[in-house]
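Count residues from 1 along the sequence. Bear in mind that the values here come from a model prediction, so they are computed numbers and not experimental data.
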Amino acid sequence: MSSGRSRRLARVWDDLRGRSGRRVIDLVRGQVAVAREGAVLACSAASGATGQAAARARMAEVEHEGDAARAELVRALRRVLATPIDREDLFRLSRSIDDVLDQLRDFVREADLFGPADLTFATEPLGAVIDGLDQLDRALLKITGDPGSVTVAVLATRKSRSRVRQLHQARLTELFAGPLDMDTLRERELLSRLDAVGRRLGEAADALADAMLKRSH
């Protein structure tokens, strides 16, 4: 094969890999967008802007949207020839994002079931989750255009996860300083669910950071 033909084939392959890579990343970003919608809905319910029953019903729809987005990514991964990061890392990242949404669904459902008088304690942690998902989306955008800066961008998502944990611990300290009644127990359970949301967000950040580390070797 001539060197000229080899170069043309290499350019064709790079073009195909670039297009398929952008397609895959767009699908992952679609999952992040749905998870963010779930976090915004949970925050709206916590602030009282959306009723608990209405939030629970809407969250069921958002969860279906998340499942559909993940299924579309899985189908795409079966078809594409090349991916910007390892397929197993994409599956891990996708699963972690899906877990974020699952935990948000459980928070909204439990908030409706437990019926606490005041949910405003949850607005700040949920705001940190929303910010973390925004940072994760920004990190994903850099994979094809500026891969060297992805790991740095992921640190912002990890900081959001740490913020959720700090808020969880601070609120527990306040709760345990007062009387231990049923309202305290309800809030503690919901705080634990919010911390689980943060942990899954951290796992998504770790999955992307690990994938980029392997890609750099």
Salt bridge flag under 4.0 Å for residues [X] and [Y]:
X	Y	answer
R109	D106	yes
R92	D210	yes
R186	E110	no
R58	E37	yes

Worksheet item: Step by step, would you call R171 with E124 a salt bridge (charged side-chain N to carboxylate O under 4.0 Å, His left out)?
Response: CA-CA 11 Å; R171 185 57 183 168; E124 195 171 356; over 6 Å; no
Supply the atom-to-atom distance [X] [atom1] to [Y] [atom2], rounded to the nearest 0.5 angstrom.
X	Y	atom1	atom2	value
D195	L167	CG	CG	10.5 Å
L155	S160	CG	OG	11.0 Å
M212	D86	CE	CG	11.0 Å

Compile the donor-acceptor pairs under 3.5 Å between side chains in residues 71-79 and protein atoms, sequence neighbours left out, one pair per line.
from: E72; atom 1: OE2; to: R23; atom 2: NH2; distance (Å): 3.0

Item to complete: State which residues pass side-chain contact (heavy atoms from CB on, under 4.5 Å) with D26; sequence neighbours excluded, sorted by chain then number.
Response: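 By the side-chain contact (heavy atoms from CB on, under 4.5 Å) rule, D26 matches R29.
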Worksheet entry | Residue among D99, D102, L104, V164 satisfying side chain to side chain contact (heavy atoms under 4.5 Å, CB included) with V197 |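 With V197 as partner, side chain to side chain contact (heavy atoms under 4.5 Å, CB included) holds for just one option, L104.
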Fill in: L180, L185, D183, L191 screened by side chain to side chain contact (heavy atoms under 4.5 Å, CB included) with L175, the one that passes
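Among L180, L185, D183, L191, the one meeting side chain to side chain contact (heavy atoms under 4.5 Å, CB included) with L175 is L191.
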Worksheet entry | Linked, directly or transitively: L201 and L141 (ILVMFWY side chains, under 4.5 Å) |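 Shared cluster, no.
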Practice prompt. Examine F176 and F121 and state if one hydrophobic cluster contains both, with Ile, Leu, Val, Met, Phe, Trp and Tyr joined whenever side-chain heavy atoms are less than 4.5 Å apart.
Written response: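 Looking at the clustering, F121 is in the same group as F176.
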